[in-house]
> 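Let me begin by handing over the structure; questions about it come next.
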Amino acid sequence: MPLETSGPATIADDKTQSEAARVADILSRMSVERKVAQLIQPQINSFTAEDMKRYRFGSYLNGGNGGPYGDEFAPADRWLALADEMWAASTAPLPDGEPVIPAIWGTDAVHGHTNVPGATIFPHNIGLGATRDADLVRRIGAATGAEIQATGIDWNFSPTVAVARDDRWGRTYESYSEDPTIVAPLGAALVEGLQGIPGRKDYLGTGHVAATAKHFFADGGTSQGVDQGDVNGDIEALKAIHAVPYPAAIDAGVEVVMASFNSINGVKMHGNRDLLTGVLRDEMGFKGVVVGDWNAHGQIDGCTVSDCPQALLAGLDIYMVPDDWKALLENLVAQVEDGTIPMARLDEAVGRVLRLKLRLGLLDSDAKKPSARGDGGDFAQLGSPAHRAIAREAVAKSQVLLKNDGVLPLKRGARLLVAGSAADDIAKAAGGWTLTWQGGGELDNSYFPNATSIYRALSDEAKAAGGSATLSPDGAIDPSGYDAAIVVFGEEPYAEFVGDRKTMVFDDTEGLDLLRKYKAAGVPTVAVFLSGRPMWMNRELNAADAFVASWLPGSEGAGVSDILFGKRDTTGRLSFSWPADCGGAPVNGPGGALFNVGYGLSLTDKRAVPTLSEKCGYVSEGRATAWYDLGRLGGGITALGGETRLPNLVGQGGGIVARGFDKDRQEDAREITFGPGATLSLAQSGSGSGDYRILYNLADQPAGKVTLTVGDDRIDITRNLALSAGKGWREMIITEDCAPDLGDRIAITSAAPMTIQIARIARQDMPEGAQCSF
Ligand code: BGC
Ligand code: BGC
């Protein structure tokens, strides 16, 4: 398709008119269909440029697992190519002479533009909270804005200004602090960095993109830290904690606020007129766009994802509707036509979207396609030395030293043993929302061309200082003769509800075992803990001579080595209370805290922490590993489709196309399409054993032979599938009855094209003699 270089010519662009007059003029020339389309935001893997040309969505997004042209790991030029293609499609002249309105693209650059390979990966917000440094966060925003714009994207779904009050919540790391007075200035600073300062010439111009304060509000206040859960209590008391960051972001000019998934006192936020309109608009004076969260409108009582006038009526302006955009669009048009939705409300919402586009300069006659705009196409922005220097500074300033017997700073010339599987693992240091939604999994260091692991940085620094660093991922190397052992360990990456926990126990003892082993050998130990939250670390603190809470630092391991070698003093101070107990009851403030907000040692503070109680009622519970959930799996199961691996089972290769979709929750299932003769093989990396339970849904009878391979057994399941097709979700149970060798690998081969949905594959012992069933 030829790319348009000129702006949307049919817009009246008399810049001398006020914003309001320009918006009113455009609105007056739009049909109901075109207006509604401005409120529809699908995701890039669910529509084509043809759809864009036909329906003219106002905006679109890439989800955490989505990349351009179906490639999650697409290089920067592919992102830009898609942006240009959608620009052309959305600005092609309309036959009826209606105004053409360019679509804008939103993304989750929540710690740098980390969906794109090579981008600078900044520390997650929890680390930035420990810096308390608004100027630093403003510079991070500006760097991120430039990297986003380089790839043709207009809009960032960031900052998260959640005030996380229960660290069991899987999004705690997206929160700057449990204290709203720490969150507010940092959120506002990120907004200013991303957008620029209102009134200045470069506002939303070169190097700047629209920002989103999210998730309004009380996302960090759910009962037991359950993501998307319920928040209960006196509304004024809730506002006094969770709504505090919003006025600051609004003052900073934030153009967009994202509504939250959670409910407050029983009413889902997306349908809560009192809060979305009453509090956000009337009380706080927010004038920008309210965007919904991922299908969250579908959670309102009485709504489905494709039918929900309630959200618009409550005050939502844009529906984030990744997949079901067509039905939602048609329903909304009908609801405007039958009066369910007043025209005034529609015009108000569309007017806000238009005003945002005006401010982005996209409705001017000289508006340019993404690649010709500002930093568009300047891929040197991604991971540039200047941006990486900001990230390194941020990492160093975010490290919080909890204990130091005197082993830190490391001595020049020291021989170091650097141990633990996380030491040389950039994905683990980066956490969730990095290249993939969940992060981790298959992302080895080769995925991060512009990054330095913690080990690499320590090694470079040690050598430069006349010493050495030896890597021992499994800790097998004999520690004798080393001056210090640095043990890097921490949480596996996660995002959103996948990271929800029941307790503060860290039940992976890899780090603990290494610390104890080196201590017993008389080698001084330094613990570097990578985590998205404070956790119960009493055992590790006892076993370590120095302990650094490193959070999720991202691409610049050198920021960690700067601290360990004392090239900078530790200025990071806790922005979350560190729990004394493993149980998981929320700790916000001194009650129940081992270390309070504000705690953190300087390198000159030699302070021993007294031996801590290691009693915990939950430690021996073990992990429930019996169930594997395809959608949330990350590295647990790897799909091998011919020569191409299918990361997180989303992608394509070997005749297989897999995409995530929502069954009961976000992307809790995969839809897998087989080309003729294609094989999907699932290798289990966990230690589960027993029979297989596979939850699946097949719409149509297979058109050719389908074989299930379990271990070394091949079973023809064509007839079984023919019988279960069209009957909705079913469970397939495979026991030794039909597959004597259960093995630990299963594969499905289809001779003919076939589409099957799979929500879950679990291993569990069925009763003796249980038969196979489909
Ligand atoms: C998250 C948002 C995010 C959106 C788009 C949602 O699930 O809650 O934070 O911006 O998806 O990826
Ligand atoms: C995330 C998306 C992600 C999706 C998967 C959402 O919560 O925000 O970015 O791709 O879930 O369901």
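Note: hydrogens, waters and symmetry copies are ignored here, and every other heavy atom, side chains too, is used. It should be emphasised that the depicted structure is a prediction, and the values quoted were computed from it without experimental measurement.
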> Parallel, tilted or perpendicular: which one describes the rings of Trp105 and Tyr60, with boundaries at 30° and 60°?
tilted
> So, Arg54 and Glu50, do they make that salt bridge, N to O below 4.0 Å?
no
> As an exercise, state the distance from CG of Asp323 to CG of Asn295, rounded to the nearest 0.5 Å.
7.0 Å
> Can you tell me how the ring of Phe216 sits relative to the ring of Tyr246, calling it parallel under 30°, perpendicular over 60° and tilted otherwise?
perpendicular
> Are His113 and Ile153 close enough, and set up right, to give a side-chain contact (heavy atoms from CB on, under 4.5 Å), and what steps lead you there?
CA-CA 10 Å; His113 191 22; Ile153 297 176; 3.9 Å; yes
> Check the surroundings of atom CG in Asp700: do more than 12 heavy atoms from other residues, nucleotides or ligands lie under 6.0 Å from it?
no
> Take Asp108 and Trp433, measure what side-chain contact (heavy atoms from CB on, under 4.5 Å) needs, and give me the verdict at the end.
CA-CA 8 Å; Asp108 292 288; Trp433 296 108; 3.6 Å; yes
> For Trp155 and Phe157, take the angle between the two ring planes, folded into 0 to 90°, and tell me which bin it lands in: parallel under 30, tilted 30 to 60, perpendicular over 60.
perpendicular
> Which pairs of donor and acceptor atoms, one on a side chain in residues 348-357, lie under 3.5 Å apart (sequence neighbours left out)?
unit_1, atom_1, unit_2, atom_2, d
Glu348, OE1, Arg345, NE, 2.8
Glu348, OE1, Arg345, NH2, 3.3
Glu348, OE2, Arg352, NH2, 3.2
Arg352, NH1, Asp317, OD1, 3.0
Arg352, NH1, Asp317, OD2, 3.3
Arg355, NH2, Lys287, O, 2.3
Lys357, NZ, Gln38, OE1, 2.8
Lys357, NZ, Gly58, O, 2.8
Lys357, NZ, Pro102, O, 2.8

> Using the side-chain contact (heavy atoms from CB on, under 4.5 Å) rule, take Arg273 and Leu313 through it: C-alpha gap first, then chi angles, then the decisive distance, then the call.
CA-CA 7 Å; Arg273 190 164 197 289; Leu313 292 172; over 6 Å; no
> With respect to Phe497, which candidate in Phe261, Trp169, Trp437 satisfies the ring-ring contact (aromatic ring centres under 6.0 Å, His included) definition?
Trp437
> Is there any disulfide bond (SG atoms under 2.5 Å apart) pair reaching into residues 211-282, and which pairs are they, with sequence neighbours excluded?
none
> When you measure from the side chain of Asp96 to the backbone of Glu98, do you find a donor-acceptor pair of N or O atoms at a distance under 3.5 Å?
yes
> Working to the nearest 0.5 angstrom, can you tell me the gap between Ser724 OG and Glu731 CD?
12.5 Å
> Taking the basic N atoms (NZ, or NE/NH1/NH2) and the acidic carboxylate oxygens, is any pair closer than 4.0 Å for Asp301 and Lys268?
no
> Please tell me if the side chains of Met343 and Val336 come closer than 4.5 Å, counting only heavy atoms from C-beta onward.
yes
> Taking side chain as C-beta onward, heavy atoms only, is Arg171 less than 4.5 Å from Glu496?
yes
> Can you list the steps and then say if Asp230 with Ser223 is a side chain to side chain donor-acceptor pair (under 3.5 Å)?
CA-CA 6 Å; Asp230 302 318; Ser223 158; over 6 Å; no
> When you check the gap from the basic side-chain N to the acidic O, do Lys239 and Glu283 get nearer than 4.0 Å?
yes
> Please determine, by modelled atom types, if Asp84 and Ser371 share a side-chain donor-acceptor pair under 3.5 angstrom.
yes
